[in-house]
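These notes are about the structure you will find just below.
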Amino acid sequence: MKRNTWQREAVREALGTTEGFVSAQALHSAMREHGSEVGLATVYRALADLAGEGQADALQQEGEALYRACTTTAHHHHLICRRCGTTVEITAAPVESWARQVAAENGFTDPEHAVDVFGLCANCSRESA
Ligand SMILES: [Zn+2]
Ligand SMILES: [Zn+2]
Ligand SMILES: [Zn+2]
C-alpha cells in the first residue's frame with residue numbers, strides 16, 4: 001500500500017460530496033474547511049490519478065482542469081452547462097459505433113475517445129431568454 005493512500009481516499013471522498021465540477025484548488029480549500037491537512041499538490045496528484053483510473057471525470061475549462069466524481073465507472077459522456085456547471089451523464093451509442101468505425105477505417109486499433117457536450121442547461125436557458 002502506498003504511503004499516501006489515505007490522502008487519496010480523502011480526496012476521493014471529498015470529491016464525491018461536491019456537486020458539479022470543481023478545481024483542485026476549490027476542492028483543497030473545501031477539504032481544509034473540514035479540517036483536512038492534505039496538501040494542494042497531493043490533491044492535484046490524487047485527482048489526476050482518479051481521472052486516469054476512470055473514477056473521476058476531468059475536463060478543461062478556461063485552461064483549468066476541473067474534476068467530478070462519476071456516478072458510474074462505465075464509459076459515458078457528459079452534457080455540461082457552461083454557465084452553472086450542471087452536468088448530466090449520458091450514453092452515446094451512435095458515438096461509440098462511429099468512433100470504432102472511423103478508427104478501423106484508418107487502421108487504428110484500441111480506439112478511445114472523450115466526448116463532452118457543452119451548452120446551457122434548461123434553467124440557464126430560461127434565465128437568458
Ligand atoms: Zn461522468
Ligand atoms: Zn446551467
Ligand atoms: Zn463514448
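Below, all heavy atoms of this structure are taken into account, side chains as well, without hydrogens, waters or symmetry copies. Counting starts at 1 for both ligands and their atoms, following the listed order.
Partners of Glu64 by salt bridge (Lys or Arg N to Asp or Glu O under 4.0 Å), not counting sequence neighbours: none found.
Distances shorter than 2.8 Å separate the Zn ion (ligand 2) from the protein N/O/S atoms Cys81 SG, Cys84 SG, Cys121 SG, Cys124 SG.
The Zn ion (ligand 3) forms the vertex of an angle spanning OE2 of Glu96 and NE2 of His113; to the nearest 10 degrees it equals 120°.
Using a 4.0 Å cut-off between a side-chain N of Lys or Arg and a carboxylate O of Asp or Glu, Glu53 and Arg12 do not qualify as a salt bridge.
Residue His76 does not count as close to the Zn ion (ligand 3), with no N, O or S atom under 2.8 Å.
The minimum distance between the Zn ion (ligand 3) and any N, O or S atom of His77 involves atom NE2. As for Glu89, its N/O/S atom nearest the Zn ion (ligand 1) is the one called OE2. When the Zn ion (ligand 1) is compared with the N/O/S atoms of Asp57, atom OD2 turns out nearest.
Of the possible polar contacts, one joining the His77 side chain to the Val115 backbone as a donor-acceptor pair under 3.5 Å is found. Distance alone, capped at 3.5 Å, is enough to place a donor-acceptor pair between the His28 side chain and the Val38 backbone. Between the side chain of His113 and the backbone N or O of Pro111 there is no donor-acceptor pair closer than 3.5 Å. Here the side chain of Ser36 pairs no donor or acceptor atom with the backbone of Arg32 at under 3.5 angstrom. A donor-acceptor contact shorter than 3.5 Å links the side chain of Asp116 to the backbone of His78.
How far CG of Leu79 is from CG of Leu120: 11.5 Å, rounded to the nearest 0.5 Å.
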